[in-house]
Amino acid sequence: MSQYDDIEYQLDTLAIRTGHTRSFEGEHAEPIFLTSSFTYANAAEAAAKFSGQVAGNIYSRFTNPTVAMFEKRLAALEGAERVVATSSGMAAIMAVCMSFLKTGDHVVCSRAVFGSTVALFEKYICKFGIAVDFVDLTDLCAWEAAIRPETKLLFLESPSNPLNEVADIRALADLAHAHQALLAIDNTLCTPILQKPLALGADLVVYSATKYLDGQGRTLGGAVAGSDKLLEDVFGYVRTTGPSMSPFNAWVVLKGLETLRLRMREHCANAEKVAEWLKQHPKVEHVYYAGFEDHPTHALAVVQQQGFGGIVSFKVYGGREQAWTIIDQTQMISITGNLGDAKSTITHPATTTHGKLSDEAKQRVGIDEGLIRLSVGLEDFNDIIRDLARGLDLI
Ligand SMILES: *Cc1c(COP(=O)(O)O)cnc(C)c1O
C-alpha cells in the first residue's frame with residue numbers, strides 16, 4: 001500500500017511513516033476520510049467488492065482508509081500481524097470477550113484491572129454464562145490454581161494501576177498455552193514503546209488509545225493487536241456489531257503515534273524525578289514506583305519493560321484528609337481520573353477510580369485512604385514538584 005510498510009525501517013521511522021496512503025491530491029499529512037460509505041464505478045465492481053472477490057472499502061463500520069492507517073501504524077510499533085481499532089478501550093476488551101468466549105467458558109483475570117473492566121466481567125459477561133475468577137496479579141500459583149478445564153482466557157494489566165506491580169508475562173503465556181487458553185494483556189500503561197507483550201508470548205494486546213497513544217486527552221479510542229488468525233475474528237465481531245473507531249478519532253491517535261516514543265521517554269524521565277523527590281519527602285510514607293529497588297516487582301520490570309512508565313503513586317502519612325489537602329492545593333496539575341496525558345493529572349483512588357470497591361476489596365488491592373496517584377505529564381519537572389510541595393508543606 002505504501003513504501004513505508006516495510007519492516008526494514010527502524011521503529012522511529014515506522015511510527016511516523018507506516019500506513020500513510022496519499023489520495024490523488026498528493027497531500028502531505030494523512031487525510032481524514034469522513035465518509036460513511038464508498039462508491040463504485042459500476043454494478044459489477046460493487047458486486048465484486050461486496051462478495052470479497054476484490055478488496056476495497058464498502059462502509060466505514062467495516063473499513064475506512066484513515067482507520068486503516070492507524071491500525072497499520074500501531075501494528076508496526078507492536079510487532080503485530082494485525083490491529084483492529086475500536087471506539088474505546090472498553091470496546092476493545094468487549095471485542096476480545098465476544099470474539100473468543102461462549103457460554104460455559106471461564107476467565108481468569110487479575111484483580112488490579114481498570115474499574116470498568118471488572119464491571120464488564122462481573123455485570124455483563126457473567127450474564128452470558130461465562131464465569132470469571134479474579135486473582136492477585138503477581139501470584140503465579142494463584143493463576144495456576146484458578147485455571148479449570150473450561151478456562152479460555154487469561155486477562156491482565158501489567159503494570160497494575162495505581163501500584164505499578166508487574167506480572168511475569170512470559171510465565172503466564174506458558175501457563176495459558178499449557179491449558180489451551182489465550183493470554184490477553186491490557187498494555188495501555190506501557191504502550192508498545194515500553195513493552196511488547198506479543199513478543200513475550202501473549203496472544204492478544206488491548207489498548208485504550210484514549211491514554212498515551214493519543215497523549216493529549218482529545219479523544220476516545222481503542223485497539224486489539226495480535227495474529228491475523230485471531231484478529232480476523234475480532235474484525236468480524238467489530239464490523240458486525242459496530243464498535244468501530246471513527247475516522248476523525250483514528251486521525252487524532254494516528255498523529256499521536258508519531259510522537260509516542262519521544263513522549264514516553266519524557267514521561268518516564270519526569271516520573272523518575274518526581275518519584276525520587278517524593279521518596280525523600282518527610283511527609284511521604286511510601287512511593288509505588290517500579291524503578292525503585294525496594295518495589296516488589298522491580299527486578300521483573302527491569303527485564304520485561306523498556307522503562308518504568310509515567311504513573312507514580314504515593315502514600316502520605318495520615319489518610320484521606322491529608323491526601324485531599326495535597327490534591328486541593330495543586331494549581332497546575334489537573335484533578336481528574338484520566339491518565340497518559342501531556343498534562344500531569346492527580347487523583348485519590350480510594351474515593352474516585354476505586355470508590356465503588358468495598359473496604360475489604362480496597363485493602364486487598366492496596367488502595368489506602370492516604371494514597372495519591374499521579375500521571376506525570378510533560379511539564380517542567382520543577383513546576384510539577386512545586387505544585388505538590390504546596391500541599392505537602394501544609395499537612
Ligand atoms: C482507560 C483505560 C481503559 C478503558 O479505556 P476507554 O478508552 O476509557 O474505554 C482500559 N484499561 C486501562 C488500563 C485504562 O487506563
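Because the structure is a prediction, the values reported are computed rather than measured. Each ligand, and each atom within it, is numbered from 1 in the order the structure gives. Just so you know, these numbers use all the heavy atoms, side chains as well, and skip hydrogens, waters and symmetry mates.
- The closest donor-acceptor contact from the side chain of Thr35 to the backbone of Ser37 lies under 3.5 Å.
- Considering both main-chain and side-chain atoms, Met90 comes within under 3.5 Å of ligand 1 through a nitrogen or oxygen pair.
- Geometric assessment of Lys211 against the ring of Phe114 yields a positive cation-pi assignment under the 6.0 Å and 45° thresholds.
- For the residue pair Asn164 and His295, no side-chain donor N or O sits within less than 3.5 Å of a side-chain acceptor on the partner.
- An N or O contact shorter than 3.5 Å links Lys211 to ligand 1 by distance.
- Using a 4.0 Å cut-off between charged side-chain N and carboxylate O, Glu232 and Arg82 make a salt bridge.
- Using a 4.0 Å cut-off to heavy atoms of Ser208, the atoms of ligand 1 that qualify are 1 (C), 2 (C), 3 (C), 4 (C), 5 (O), 6 (P), 7 (O).
- Atoms of ligand 1 lying under 4.0 Å from at least one heavy atom of Asp186, given by number and element, are 10 (C), 11 (N), 12 (C), 13 (C).
- Counting atoms of ligand 1 from 1 in the listed order, those under 4.0 Å from a heavy atom of Glu157 are 13 (C).
- If you check which protein heavy atom lies closest to atom 7 (O) of ligand 1, you get Thr210 OG1, 2.6 Å.
- Interatomic distance, Lys152 NZ to His179 NE2, rounded to the nearest 0.5 Å: 13.0 Å.
- A donor atom on one side chain and an acceptor atom on the other are not found under 3.5 Å apart for Asp387 and Gln331.
- Considering both main-chain and side-chain atoms, Leu220 never comes within under 3.5 Å of ligand 1 through any nitrogen or oxygen pair.
- Residue contact check: Gly89 has heavy atoms under 4.0 Å from atoms 5 (O), 6 (P), 7 (O), 9 (O) of ligand 1.
- Residue contact check: Gly221 has heavy atoms under 4.0 Å from atoms 7 (O) of ligand 1.
- The pair Glu27-Arg22 does not meet the salt-bridge criterion, since no charged nitrogen lies less than 4.0 angstrom from a carboxylate oxygen.
- Ion pairing between a basic and an acidic side chain is recognised when a charged N comes within 4.0 Å of a carboxylate O; Glu276 and Lys273 show no such pairing.
- Below 3.5 Å of separation, one finds no N or O of Thr117 facing any N or O of ligand 1.
- Protein heavy atom closest to atom 4 (C) of ligand 1, with residue, atom name and distance, is Phe114 CE2, 3.4 Å.
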